[in-house]
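Values reported hereafter were calculated over all heavy atoms of this structure, with side chains retained and with hydrogens, waters and symmetry mates removed. In each ligand, atom 1 is the first atom listed, and ligand 1 is the first ligand listed.
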Amino acid sequence: MSDDLRPLVEVVDAARWFDVSAPWLERVLTRKPRTLLRAVDGVTFTIRRGETLALVGESGCGKSTIARLLVGLYPLTRGTMTFDGEPLSRMLEPGGQGMRKRLQMIFQDPYASLNPRWRVGRIIAEPMLAHTKMTVDERALRVDDLLQQVGLHPSDRDRYPHQFSGGQRQRISIARALAVNPEFLVCDEPTSALDVSVQAQVLNIMKDLQRRLGLTYLFISHNLAVVHHVADRVGVMYLGRIVEIASRDELFETPRHPYTRMLLSAIPDIAGDGGARTPVAGEVPNPLDPPPGCTFHPRCPFARDLCRSQAPATVTRGTAQIACHGVAEGWPMDPDTAQASPALAR
Ligand code: SF4
């Protein structure tokens, strides 16, 4: 990681709401109010240069929406996002191309994200055409170099995507993302569509490239084992909010938020707090009608009345920031006593 302590990316109170109301006439006839999906609602974090911040959580928790906000695919409803001190919204304005090329995205599905009718050389060279004044020869040399950097052969430039395996296609996606020398890569579940056997190869290539090129990653995943392999810090998301964010080691060794402990219970091989974790329970509530107070309270064995009425503020413990009344107030959080003690159900 870089010695530069200034954040490269700074996100403050970011929110993205989607209007998913019924059509106007239907709403008027049925007197239904507008319906808002608060996909992301009050998210704050920073990412240092050369660091990997992973965001984890169950499907629909808002982590992919954050990825799309960062690369300008959606505008913010509220809050700010800055990149190297500049508002990220600048990249969508005229003249914002310079910032745009400093951030690139790697998508989940290497099958869908590569144009099947283009040869690999053209796919990788395309961002250079859009963002640089490189000549044809310079682009060709750069394509060959990028193919080698991701473990492919320069002769692969003349082949089509369907002639490659899933892991090779994701390497092509990475080469394309690197084509314009970005500093920051937003990686949205980059290995989840791949066989387990090739996931580690792709992750190791990404780590090696980060070391050599000084890249900064936001890594989105639902897979905590993958996150444990790649992340420096981890943010755990639940229903559009970060409920715990900490250094990787602290989060895996001393998970504090009941939801983090619940997620870690599913992977005992890497969880390290001696087994005092919350068992997996319940379903994610409907995000269109989230519970009041702490949105995790219907699934939390430690919930009290305060949790049902008031959203918890964030408190700091060690390297971690946690949004939980129980952590803030020092409630006992042993799963066994929580189930047995009527006091904890108050
Ligand atoms: Fe559980 Fe209450 Fe903490 Fe929410 S605030 S995680 S309900 S203890």
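Ring geometry, H257 versus Y259: the interplanar angle exceeds 60°, so the pair is classed perpendicular (tilted spans 30 to 60°).
Here atom 2 (Fe) of ligand 1 has protein N, O or S atoms under 2.8 Å from it, and they come to 1.
For the pair F252 and V234, the minimum side-chain heavy-atom distance is below 4.5 Å. The shortest distance between side-chain heavy atoms of L55 and I242 falls below 4.5 Å.
Among residues two or more places apart in sequence or in another chain, the ring-ring contact (aromatic ring centres under 6.0 Å, His included) test is passed with F18 by Y74.
Close approach of ligand 1 to H257 (heavy-atom distance below 4.0 Å) involves ligand atoms 6 (S).
Alongside L36, the hydrophobic cluster contains W17 (criterion: ILVMFWY side chains under 4.5 Å).
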For residues 125-135, which side-chain N or O atoms pair as donor and acceptor with protein atoms under 3.5 Å away, sequence neighbours left out?
from, atom 1, to, atom 2, distance (Å)
T132, OG1, M128, O, 2.6
T132, OG1, M134, N, 3.3
T135, OG1, E138, N, 3.1
T135, OG1, E138, OE1, 3.3

